[in-house]
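Count residues from 1 along the sequence.
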Amino acid sequence: QVQLVESGGGLVQPGGSLRLSCDASRSIFFFNRMGWYRQAPGKERELVAAIFSGGSINYADFVKGRFTISRDIAKNTVYLQMSSLRPEDTAVYYCNAQTTSPVGAYWGQGTQVTVSA
């Protein structure tokens with residue numbers, strides 16, 4: 001019923017930018033929180049950024065002002081604008097959406113981001 005479709009990943013040079021999109025099959029207000037996670041080879045999946053239904057935003061420390069999460073309510077879409085990309089940002093990036101009543105968690109298929117010269 002709930003589907004999250006990610007797009008925008010690819011290969012980018014260090015210092016470059018990418019914008020990831022997460023298209024949800026429901027209004028984003030259906031979810032208490034939407035966010036982006038990433039997982040690099042050999043590492044645990046980690047939260048990158050999250051936006052709550054009320055508009056509050058949380059960022060991981062390693063973002064350091066480089067990434068921006070935003071939403072387009074009319075399009076049921078959440079974005080992750082990534083700038084000043086570093087090789088250590090290389091990972092599979094996953095869209096995540098969570099509900100609270102009832103409790104649920106949904107994931108996209110992931111999109112590969114590779115930062116390399």
Side-chain angles (χ1 to χ4, degrees):
Q1 181 179 354
V2 174
Q3 289 187 318
L4 305 173
V5 180
E6 299 134 322
S7 62
L11 175 64
V12 65
Q13 293 183 343
S17 299
L18 284 174
R19 187 179 73 165
L20 306 183
S21 298
C22 175
D23 296 320
S25 62
R26 302 287 299 270
S27 169
I28 59 177
F29 289 121
F30 177 81
F31 309 104
N32 174 254
R33 188 191 77 159
M34 298 191 70
W36 290 93
Y37 290 72
R38 71 185 188 186
Q39 187 167 22
K43 298 183 64 177
E44 298 293 324
R45 189 172 299 184
E46 60 186 352
L47 176 69
V48 177
I51 183 166
F52 292 82
S53 61
S56 297
I57 294 171
N58 290 329
Y59 292 107
D61 288 342
F62 57 76
V63 171
K64 297 181 179 179
R66 300 180 297 123
F67 295 0
T68 301
I69 189 170
S70 62
R71 64 187 181 183
D72 187 325
I73 297 170
K75 294 182 178 180
N76 296 351
T77 300
V78 175
Y79 302 99
L80 184 68
Q81 177 66 51
M82 305 185 294
S83 300
S84 302
L85 283 162
R86 306 163 179 168
E88 53 264 41
D89 294 319
T90 296
V92 178
Y93 284 71
Y94 297 92
C95 183
N96 167 263
Q98 298 178 18
T99 57
T100 56
S101 185
V103 175
Y106 307 92
W107 295 91
Q109 81 286 349
T111 184
Q112 177 71 49
V113 172
T114 302
V115 185
S116 176

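In this structure, Arg38 and Tyr93 approach most closely via the heavy-atom pair NH1-OH, 2.9 Å. For the residue pair Gln81 and Leu18, the shortest heavy atom distance occurs at NE2-O, 3.5 Å. In terms of heavy-atom proximity, Leu47 sits nearest to Phe62 at O-CZ, 3.6 Å. Residues Leu4 and Ala24 share a closest heavy-atom pair of CD2-CB, 3.8 Å. Heavy atoms only, all atoms of each residue included: Arg66 and Leu85 are closest at NH1-CA, 3.9 Å. Between Val48 and Val63 the shortest heavy-atom distance is O-CG2, 3.7 Å.
Phe52 is not connected to Ile28 by any chain of hydrophobic side-chain contacts under 4.5 Å among Ile, Leu, Val, Met, Phe, Trp and Tyr, and they are in different clusters. A continuous path of Ile, Leu, Val, Met, Phe, Trp and Tyr side chains, each step under 4.5 Å between heavy atoms, connects Ile73 with Ile69, placing both in one hydrophobic cluster.
Rounded to the nearest 0.5 angstrom, Ile57 CD1 and Arg33 CZ are separated by 13.0 Å. Here the OG1 atom belonging to Thr99 is positioned 10.0 Å from the CZ atom belonging to Arg26, to the nearest 0.5 angstrom. To the nearest 0.5 Å, atoms OG (Ser116) and CG (Leu11) are separated by 6.5 Å. Summarising the geometry, atom OG belonging to Ser70 is positioned 7.5 Å from atom CZ belonging to Arg19; distances are rounded to the nearest 0.5 Å.
Gln3 CD: 12 or fewer foreign heavy atoms inside a 6.0 Å radius. Glu44 CD: 12 or fewer foreign heavy atoms inside a 6.0 Å radius.
Each of Leu80, Val92, Leu20 was checked for a side-chain contact (heavy atoms from CB on, under 4.5 Å) with Val113, and the lone residue meeting it is Leu20.
Residues Ser17 and Met82 are not in side-chain contact: their nearest non-hydrogen atoms beyond the backbone lie 4.5 Å or more apart.
Listed for the Thr100 side chain is no donor-acceptor partner under 3.5 Å among the backbone atoms of Val103. A distance-only check finds a donor-acceptor pair linking the side chain of Arg71 to the backbone of Ser53 [under 3.5 Å]. In terms of modelled atom types and a separation under 3.5 Å, the side chain of Thr111 and the main chain of Gly9 share a donor-acceptor contact. Remark: side-chain polar atoms of Thr90 are not paired, donor with acceptor, to backbone N or O of Thr114 under 3.5 angstrom. Side chain of Glu6 to main chain of Ser21: no donor-acceptor pair is present (N/O by atom type, distance under 3.5 Å, no hydrogens or angles). Distance alone, capped at 3.5 Å, places no donor-acceptor pair between the Gln39 side chain and the Ala91 backbone. Using a distance-only test at 3.5 Å, with no hydrogens or angles considered, a donor-acceptor pair links the side chain of Ser27 to the main chain of Phe29.
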Tyr106 vs Phe31, test: side-chain contact (heavy atoms from CB on, under 4.5 Å). Steps then yes/no. CA-CA 10 Å; Tyr106 307 92; Phe31 309 104; 3.9 Å; yes
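Two rings, from Trp36 and Phe67, have their centers 6.0 Å or more apart.
For Arg45 and Tyr94, the positive end sits near the middle of the six-membered ring, less than 6.0 Å away and at most 45° from its axis.
Side-chain contact, Thr77 with Asp23: a donor N or O sits under 3.5 Å from an acceptor N or O.
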